Asker: 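Take this structure first; my questions come after.
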Amino acid sequence: MGAPSRLVGSVPVRACGVGLSSAAATVTAGRPGLLQARQGRGAGAMAGGSAGLPKRLGTLLSGLLECGAFCGLIFGWASLVFVLKDLQYFKEWCQPAGPNGTEQLDCSRQDEQFSLVFTIGSFMNNFMTFPMGFIFDRFGTTVARLIAISLYTCGTLLVAFSTPGLSVLLFPAMSMLSVGGILLILTNMQVGNLFGKYRSIIITLYNGAFDSSSAIFLIIKVLYGHGLSLRTMFLFMAACSAWHLLRTLFLMPRTRIPYPLPPAYNYGLRCPGRSRSYRTYEEKRPPGEAGPEETPLGLQRLARGDAGLVSTYTNAFAFTQLCGVLCAPWNGLILDRHKRGKAPHPDGALGALADLQASVLSLVVTVVLGLLFSIAAAVPVLPVQFGTFVLQVLSRSFLYGGNAAFLAIAFPPQHFGKLYGLAMALSALVALLQYPCVALVQGPLQGDPFYVNLGLIAVVLLAFVSPVVVARECRHQAKELGAAGTPLAAAPGTETPDEATH
């Protein structure tokens with residue numbers, strides 16, 4: 001799912017109360033029958049019932065706030081750089097431009113240090129998702145979130161107590177914020193399992209909120225301009241870890257939210273009881289990104305050194321990131337479009353095939369948006385970059401949200417963390433090319449990224465292979481179902497309503 005980076009600058013869950021009845025917890029050949037489900041609902045009622053709509057909405061909305069304010073901070077790096085430059089971070093890398101030392105300082109090496117901080121931070125954001133996915137799958141939500149909260153707190157404290165003389169602290173700080181943020185959103189995407197047919201929409205919505213969180217550094221930039229110190233703001237962000245902890249205890253499961261939801265499912269600290277294991281049909285099925293967005297480094301060249309104009313465009317870039325949370329659900333609507341309507345959504349193998357078929361259009365739209373973004377980014381006209389900013393938000397929202405939703409659709413849920421982490425790790429390897437590409441542009445290409453962008457456009461075209469492969473797999477599965485006689489509307493071995501009454 002990865003694409004080249006741009007140079008434009010059984011599942012365990014908690015059983016509540018006295019626990020579900022053995023009939024509800026029992027799985028026949030790995031697939032729960034209708035009779036067991038009915039018995040489970042009765043037992044769930046005696047045990048205190050499932051999580052109600054207010055609690056599920058509270059989990060959803062608080063998760064959106066968490067993703068939108070804390071998870072993707074690193075991608076607002078352009079705004080924070082303005083503050084750090086004003087505070088003289090990495091100032092020692094600036095050198096006189098001439099032999100007599102009277103000319104204007106050349107701070108290109110200072111810019112390289114800021115670029116390196118971002119490159120390492122964004123690389124850690126993607127690459128460390130792979131081992132973090134293993135931790136999430138193996139130890140569950142609570143352990144994963146405690147690790148994320150610890151990393152986030154340490155990162156914000158390092159920035160708060162950093163000084164221009166200790167600029168090097170920005171390297172571990174941004175890496176910790178990146179890894180902590182991606183682990184937080186990894187634990188939040190399972191919330192879509194609480195809302196059935198809106199699952200893909202919610203997954204993409206969370207990824208859109210992740211995109212919008214890059215505007216937090218813009219807010220810091222504005223508040224800094226009004227006299228608030230960098231240390232005060234990051235100490236406040238560190239204090240917000242208490243809120244993350246409370247949400248972990250009361251509005252998140254200890255292990256994972258299964259899909260589909262078992263009867264009378266509940267979660268949170270007020271839900272004592274022992275762990276149960278539910279094995280759904282999806283888990284029994286046989287198993288069959290553009291890189292991180294970086295700061296618009298080329299704007300200073302297009303703005304001909306006008307610092308005010310650069311600041312204006314940087315603010316515009318940051319403001320457009322707020323729209324990520326609005327754009328992301330569009331991809332979810334494409335993925336879930338076949339679930340809407342009067343006809344009930346099929347279950348079992350037929351339902352899985354319908355979900356996979358819906359992902360083909362999503363993949364095509366994602367690649368087209370990425371291609372348009374790449375083309376617009378290569379146009380060396382400053383006003384065109386406003387359109388580039390819009391396309392960047394759209395393509396990133398479709399890419400990250402669609403990637404997570406596709407993995408949830410196409411693969412068993414108990415492997416989601418590992419597969420999502422693997423996809424992000426692969427994109428991180430691609431992101432490593434960012435720093436040498438920046439050095440290439442600023443060196444031999446004399447600040448002109450056109451030819452590098454042109455090469456990257458050619459690489460983006462390779463992403464069209466993805467929807468083609470998925471479409472062929474859909475046709476293959478459809479033929480297999482047709483050869484079996486009648487399509488399976490339910491999992492093999494599941495009791496039909498008539499069988500359940502006898």
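Since we're looking at a predicted model, the values are computed, not measured.
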Asker: With sequence neighbours left out, write down each residue that passes side chain to side chain donor-acceptor pair (under 3.5 Å) with N125, or none if nothing qualifies.
Answerer: none

Asker: At what distance, to the nearest 0.5 angstrom, does CG of L251 lie from OG of S62?
Answerer: 5.0 Å

Asker: So, is the end of the K55 side chain (NZ or CZ) under 6.0 Å from the ring centre of Y267 and within 45° of the ring's axis?
Answerer: yes

Asker: Is there side-chain contact between P258 and N193, with at least one heavy-atom pair below 4.5 Å?
Answerer: no

Asker: So L394 and F373, side-chain contact (heavy atoms from CB on, under 4.5 Å) or not? Walk me through it.
Answerer: CA-CA 9 Å; L394 286 170; F373 162 63; over 6 Å; no

Asker: Looking at G387, is its backbone amide N or carbonyl O close enough to the side chain of Q392 to form a donor-acceptor pair, meaning the two atoms are under 3.5 Å apart?
Answerer: no

Asker: Return the OG to CD1 distance between S79 and I216, rounded to the nearest 0.5 Å.
Answerer: 10.5 Å

Asker: Look only at the side chain of N126 and the backbone of A425, and say whether a donor-acceptor pair between them is shorter than 3.5 Å.
Answerer: no

Asker: Could I get the full list of side-chain contact (heavy atoms from CB on, under 4.5 Å) partners for F464, not counting sequence neighbours?
Answerer: V367, V368, L371, L461

Asker: Who passes side-chain contact (heavy atoms from CB on, under 4.5 Å) against C240, sequence neighbours left out?
Answerer: F70, F236

Asker: Side chains of F75 and D211: closer than 4.5 Å at any heavy-atom pair?
Answerer: no

Asker: Roughly how far apart are H415 NE2 and K418 NZ, rounded to 0.5 Å?
Answerer: 5.5 Å

Asker: Taking Q190 for its side chain and I257 for its backbone only, find out whether a donor-acceptor pair lies under 3.5 Å.
Answerer: yes

Asker: Please identify each residue that fulfils side-chain contact (heavy atoms from CB on, under 4.5 Å) with V470, with sequence neighbours left out.
Answerer: L356, S359, V360, L363, F406, C474

Asker: With sequence neighbours left out, what residues match T129 under side-chain contact (heavy atoms from CB on, under 4.5 Å)?
Answerer: I182, Y420, M424

Asker: Residues in side chain to side chain donor-acceptor pair (under 3.5 Å) with S362, at least two apart?
Answerer: N331

Asker: If a pair satisfies salt bridge (Lys or Arg N to Asp or Glu O under 4.0 Å) and one of its residues is in residues 463-472, list it, with sequence neighbours excluded.
Answerer: none

Asker: Partners of T153 by side chain to side chain donor-acceptor pair (under 3.5 Å), sequence neighbours excluded?
Answerer: S241

Asker: Is there side-chain contact between L186 and F416, with at least one heavy-atom pair below 4.5 Å?
Answerer: yes

Asker: For residues 65-77, pull every pair meeting salt bridge (Lys or Arg N to Asp or Glu O under 4.0 Å), keeping only residues two or more places apart or in separate chains.
Answerer: E66-R145, E66-R247

Asker: What are the two closest non-hydrogen atoms of N403 and A423, and how far apart are they?
Answerer: ND2-CB, 3.9 Å

Asker: Do the side chains of I74 and L177 get nearer than 4.5 Å, heavy atoms only?
Answerer: no

Asker: Looking at side-chain heavy atoms only, is the closest gap between F210 and N188 below 4.5 Å?
Answerer: no

Asker: Residues two or more places apart in sequence or in another chain: which of them pass side chain to side chain donor-acceptor pair (under 3.5 Å) with S178?
Answerer: none

Asker: Would you find a donor on one side and an acceptor on the other, under 3.5 Å apart, between the side chain of R256 and the backbone of G140?
Answerer: no

Asker: Just jot down the ring-ring contact (aromatic ring centres under 6.0 Å, His included) partners of F195, sequence neighbours excluded, or say none.
Answerer: none

